[in-house]
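Taking it in order: structure first as structure tokens, then the write-up.
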Amino acid sequence: MEDGINLIPTSDSEPTNAYMVQHITQGLAKQWVGQWWDPEGELILSDIYPRYISYLGLEAISPSLSDLAVYTDFLEIETLGRLTAKSELEASNKGALLIRSFEGVLTRDGVRRAVKLFLKHLWGVADETDYFDLSEMVAGNYTWGDMVNVLVGFMNNDGIPVVKASIANGTHFAFRQEPFRKPDKEVQKEDDESSLWLIPLSFTENHQNSRPQITWLTPHENVTFAAGSTGECILVNPDATGYHRTLYDDPNIFNRIQNFLEQNHEAIQPLTRARLLADYFAFAEQDYCPYSTALNLTTYMSRETNLVVWTAFLDKFTKVYARFLSHPEYPKLQHYLLPKVDLLLTETEELSAESIDLELFRAKLLLVGCRFQIQHVGEINPPYCQTWSSNLFHSWRNSADGASPLNYIFPQTLRPILECSIVATGGKEAFDFLFKKYQELKANSESYYGILSSLACVQETSVIEHLLQKTLQPISTGGFGSKDGWYVINFMIDTPMPNGRAQILPFISSNFDQVVEKIGDGYSSIIPQLLRYLADYLSTTKQKQEIEDFVSMHQDKIMNTTDTSSHLNEAFAAMDSNIQWMNAYSQDILNWLDKYNI
């Protein structure tokens, strides 16, 4: 019971309704309360039903973790299409996110009422009397009862809207909505009312703490105008509660926001900063704007210390990063990202024990700093991850009982990448140490496969050659187990460390028969499979030509089967797709990096 509003159905014949309430309120609880991290790795937010029902009375004990729950959920729902069935709503947080979107235009009491009306509407038990006490007007000419229409509209339409903000004239802003484009989906016509939404839209000027102004976009009035100081900096969706993306269709507005981030980014809420980054990288992916526009929003990131903002940035930027892993211009992306990461890791090192938020923030940066590190030999100040992993290795090697210091790393999700970094930066000595650990471990254990993936991170040419030769040797003579050579080569293909991947094709070509016999158990179909996995990382015409030359050279030895043809066709299709992406976007990205890295 919340302020006289019973959110739990009273009828014994409606058990599904109660189950649905639990899922919706659970989603809302996570958004206002966060995931409630526990140092032991257990979530304190339990399955106790009353705790979910009282979500609106709870305060967020950790603002950044609460923001992270909202941000993560928002990305998850973008993969969902039309949402009409109760079972689909129960399995997602879309209903919770939609309800939360009203927090920008309603009081929390209003949100409670909207929850009740929405649930009754879904169950077909709402009647006109439910709206009699909700006739007061809110946010323009709409009542609380109209919240149901907003929710139903989002349930009946695919995807989410993009709101385009521009300057109409010297005294008014213009806001227009359209469906956000999705890959492999036909874009509906903008004048098709069935594809549009009823959207409560909030905005502020100069990012002050004053109450946001509210306007509305409707399916039949797709453009709305709002009076404002058009020479000032406007921010749409300032609380990041709106269920839409925002595109600033006027370069003057965008440039003011970019300048504001550079000068005083903390004046904008962290979740809103995260949404800006997520939206603009998504716009670049769908050709609403060039990647350089999205990158312009990231130049201040060396001063950003918020977990959710870095999560938003890295979720999007590492997708771009990954496309360049085997590209000759890959170092430009390293030199852009890694100095920011190293600077923040250094500045926060002494503060890491002060809060769980900061520990998780540092863990996020370490995952990136170690995955995409540049190894520097003999430098006075080597990269942060190289120094840290080197210290861990020496501590592990010199431990009297052989216990790994990685056993005590928090969170434990860092362990695989730190073991990888130890091998990548420690040369032959670290490789031999970890290989001995591999020999001591029992096959099929989690640690066993973790060590295998770490061994694939070697970067020195001579050590890579040493590792690849071991894949051809039996375990009795110091090589790998029967299937482990296959795993190591696959891990080497997938690792973000580029040097090993570059040596795989020459190694297979020089040792074709042995690779087929030892790694493929005598079946040459193993070769097209490896080429298919490798092709995901090849993005130049030169690399494609090398694959074509390899296939031509060994054509007589490759089994001509349906699977073989399928793997090869998929490999060339993947390379063509990567090359096409590079032709479309890489020059814009590289030009921006050249300008920024000067």
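Atom set for the values below is all heavy atoms of this structure, side chains included, hydrogens, waters and symmetry mates excluded. These figures come from a predicted structure and were not determined experimentally.
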Practice problem: Please assess Asn511 against Gln469 for the test side chain to side chain contact (heavy atoms under 4.5 Å, CB included), listing each intermediate value before the final yes or no. | Solution: CA-CA 9 Å; Asn511 302 275; Gln469 287 301 321; 4.0 Å; yes
Quiz prompt | Asp432 and Lys436: CA distance, side-chain angles, deciding distance, salt bridge (charged side-chain N to carboxylate O under 4.0 Å, His left out) verdict | solution = CA-CA 6 Å; Asp432 288 342; Lys436 184 177 180 181; over 6 Å; no
Self-check item: side chain to side chain contact (heavy atoms under 4.5 Å, CB included) assessment of Gln543 paired with Ile579
Solution: CA-CA 10 Å; Gln543 291 166 340; Ile579 292 169; over 6 Å; no
Exercise. Please lay out, stage by stage, how Leu472 and Phe507 fare under the test side chain to side chain contact (heavy atoms under 4.5 Å, CB included).
Key: CA-CA 11 Å; Leu472 302 180; Phe507 166 75; 3.7 Å; yes
Quiz prompt | Leu568 vs Leu531, side chain to side chain contact (heavy atoms under 4.5 Å, CB included): CA-CA, chis, key distance, verdict | solution = CA-CA 7 Å; Leu568 290 176; Leu531 296 181; 3.9 Å; yes
Exercise. For salt bridge (charged side-chain N to carboxylate O under 4.0 Å, His left out), just list the numbers for Glu266 and Arg303, CA-CA rounded to whole Å, side-chain angles, deciding distance to a tenth of an Å, and then say yes or no.
Key: CA-CA 10 Å; Glu266 291 183 345; Arg303 301 188 302 279; over 6 Å; no
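When atom types are taken as modelled, the side chain of Gln334 and the backbone of Phe372 share a donor-acceptor pair closer than 3.5 angstrom. Using modelled atom types, no side-chain atom of Asp484 and backbone atom of Leu452 make a donor-acceptor pair closer than 3.5 Å. Judged by distance alone, the side chain of Lys518 and the main-chain N or O of Thr471 form a donor-acceptor pair under 3.5 Å. Distance alone, capped at 3.5 Å, places no donor-acceptor pair between the Gln269 side chain and the Leu271 backbone. Within the 3.5 Å criterion, the main-chain N or O of Met492 finds no donor-acceptor partner in the side chain of Thr495. Asn578 places no side-chain N or O within donor-acceptor distance of the main-chain N or O of Ser539, the cut-off being under 3.5 Å. For Asn306 (side chain) and Pro270 (main-chain N/O), no donor-acceptor pair under 3.5 Å exists by modelled atom type. Between the side chain of Arg275 and the backbone N or O of Arg245 there is no donor-acceptor pair closer than 3.5 Å.
Tyr300 and Gln263 share no side-chain donor-acceptor pair at under 3.5 Å. Between the side chains of Tyr280 and Asn296, not a single donor N or O lies within less than 3.5 Å of an accepting N or O. Side-chain contact, Thr298 with Tyr336: a donor N or O sits under 3.5 Å from an acceptor N or O.
Rounded to the nearest 0.5 angstrom, Gln258 CD and His265 NE2 are separated by 14.5 Å. A distance of 6.5 Å separates CG in Asp239 from OG1 in Thr272, rounded to the nearest 0.5 Å.
Around CZ of Phe572, the count of heavy atoms belonging to other residues, nucleotides or ligands within 6.0 Å exceeds 12.
Using a 4.5 Å cut-off on side-chain heavy atoms (C-beta onward), His466 and Phe435 make no contact. Between Arg323 and His327, the closest side-chain pair of non-hydrogen atoms is not below 4.5 Å. Tyr487 places none of its side-chain heavy atoms less than 4.5 Å from the side chain of Ile519. Here the side chains of Trp310 and Met301 are in contact, with some heavy-atom distance below 4.5 Å. With contacts defined as side-chain heavy-atom distances shorter than 4.5 Å, the pair Arg371/Thr318 does not qualify.
Classification of the Tyr330-Tyr321 ring pair by plane angle, with boundaries at 30° and 60°, yields perpendicular. Using cut-offs of 30° and 60° on the angle between ring planes, the pair Phe317 and Phe313 is parallel. Under the 30°/60° scheme for interplanar angles, the aromatic rings of Phe550 and Phe512 are found to be tilted.
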Show me the donor-acceptor pairs, under 3.5 Å and distance only, between side chains in residues 409-424 and residues at least two apart or in other chains.
unit_1, atom_1, unit_2, atom_2, d
Gln412, NE2, Leu406, O, 2.9
Gln412, NE2, Asn407, O, 3.4
Gln412, NE2, Ile409, O, 2.9
Arg415, NE, Glu419, OE2, 3.1
Arg415, NH1, Asn407, OD1, 2.4
Arg415, NH2, Asn407, OD1, 3.4
Glu419, OE1, Ser454, OG, 3.3
Ser421, OG, Gln373, NE2, 2.9
Ser421, OG, Ser389, OG, 2.9

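For Lys340, there are no salt bridge (charged side-chain N to carboxylate O under 4.0 Å, His left out) partners at least two apart in sequence or on another chain.
Between Arg532 and Ala574 the shortest heavy-atom distance is NH1-CB, 3.8 Å. Listed here is the closest heavy atom pair of Leu277 and Val309: CD1-CG1, 3.7 Å. Closest approach of Trp592 to Leu295, counting heavy atoms only: CZ2-O, 3.3 Å. Between Glu465 and Gln503, the closest heavy-atom pair is CG-NE2, 3.4 Å. In terms of heavy atoms, Ser395 sits closest to Pro405 at OG-CG, 4.0 Å. Of all heavy-atom pairs spanning Leu365 and Val341, the tightest one is O-CG1, 3.4 Å.
The pair Lys319-Asp315 does not count as a salt bridge, with every side-chain nitrogen at least 4.0 angstrom from each carboxylate oxygen. Ionic pairing of Arg362 and Glu349 is not present here: no N-O contact between side-chain nitrogen and carboxylate oxygen is shorter than 4.0 angstrom. Between Asp494 and Arg501 no salt bridge is recorded (no basic side-chain N to carboxylate O distance below 4.0 Å).
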